[in-house]
Amino acid sequence: MKKILAIAACALLFAAGTASAQQPYMVVNTETIFKSMDDYNAAVKAIDEAAKQYQQNIDDAYGQLEEMYNTYMAQKASLSDSVRSQYEETILNNEKKITAYQEEIFGEKGKMAEMQTEQLEPLQKKVMETISKYAAEHQYGLVLDVATNPMVIYYTPEADKTQEIITLLK
């Protein structure tokens, strides 16, 4: 496994070396860029606060469900079969409702995903367009993002254009 990773890293470095010999490259740190944007930070904060509130609602609902279950378990021996069955059905239905609500909020197409798309995507698009425009204007053939690429082992500080991008965005 280590040999495969080493070979892949060498191939990547060779490819990057070949590309950089043919075309200049630049390095950016998109994490630093995003953190420098007040709009982005405000959107992330709003999303986090909404997520906490939704999670609290879910936790409260599960707490109530647990209380209902504990009450049922305490009374189970003294309940008739029909009442016991009805109680169990109510508990299961409530659990299904909570699970559905959780999926509606935190699921792949849930409210939180929509909120992230609505609030963050335009800002991310703006950053990517600014980086692309900067790279094209300065004739960089390759842009590496050191925030998301753990394989970048070294780059020269002169290649880092993060601050120039931040300046263009302001």
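Tested against Val28, the residues Val146, Leu144, Ile165 include a single side chain to side chain contact (heavy atoms under 4.5 Å, CB included) partner, Ile165.
Residue Ala46 comes nearest to Met115 through the heavy atom pair O-CE, 3.9 Å, listed as atom of the first residue, atom of the second, then distance.
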Let me have the donor-acceptor pairs involving side chains of residues 94-105, under 3.5 Å, with sequence neighbours excluded, atom names and distances please.
residue	atom	partner	partner atom	Å
Thr99	OG1	Glu95	O	2.9

Which side-chain N or O atoms in residues 59-78 pair as donor and acceptor under 3.5 Å with protein atoms at least two apart or in another chain?
residue	atom	partner	partner atom	Å
Asp59	OD1	Gln55	NE2	2.9
Asp60	OD1	Gln56	NE2	2.7
Asn70	ND2	Glu66	O	3.3
Thr71	OG1	Glu67	O	2.9
Tyr72	OH	Glu88	OE2	2.3
Ser78	OG	Gln75	O	2.9

Result block: side-chain N/O donor-acceptor pairs under 3.5 angstrom for residues 121-136, not counting sequence neighbours:
residue	atom	partner	partner atom	Å
Thr130	OG1	Lys126	O	2.8
Ser132	OG	Met128	O	2.9

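In this structure, Ala42 has no side-chain contact (heavy atoms from CB on, under 4.5 Å) partners at least two apart in sequence or on a different chain. Evaluation of the side-chain hydrogen bond (donor to acceptor under 3.5 Å, both in side chains) rule for Ser36 yields no partner, not counting sequence neighbours. For Ser82, the side-chain contact (heavy atoms from CB on, under 4.5 Å) test picks out Ser80, with sequence neighbours left out. Every residue two or more places apart in sequence or in another chain was checked for a side-chain contact (heavy atoms from CB on, under 4.5 Å) with Ala113, and none qualifies. Here Glu31 pairs with Lys35 under the side-chain hydrogen bond (donor to acceptor under 3.5 Å, both in side chains) rule; sequence neighbours left out.
To the nearest 0.5 Å, atom CD of residue Gln163 and atom CG of residue Leu168 are 10.5 Å apart. Atom CD in Gln53 sits 10.5 Å away from atom CD1 in Ile58 (nearest 0.5 Å).
If you check the side chains of Thr30 and Asp145, you find a donor sitting under 3.5 Å from an acceptor.
For the side-chain hydrogen bond (donor to acceptor under 3.5 Å, both in side chains) condition, no pair includes a residue of residues 38-48, sequence neighbours left out.
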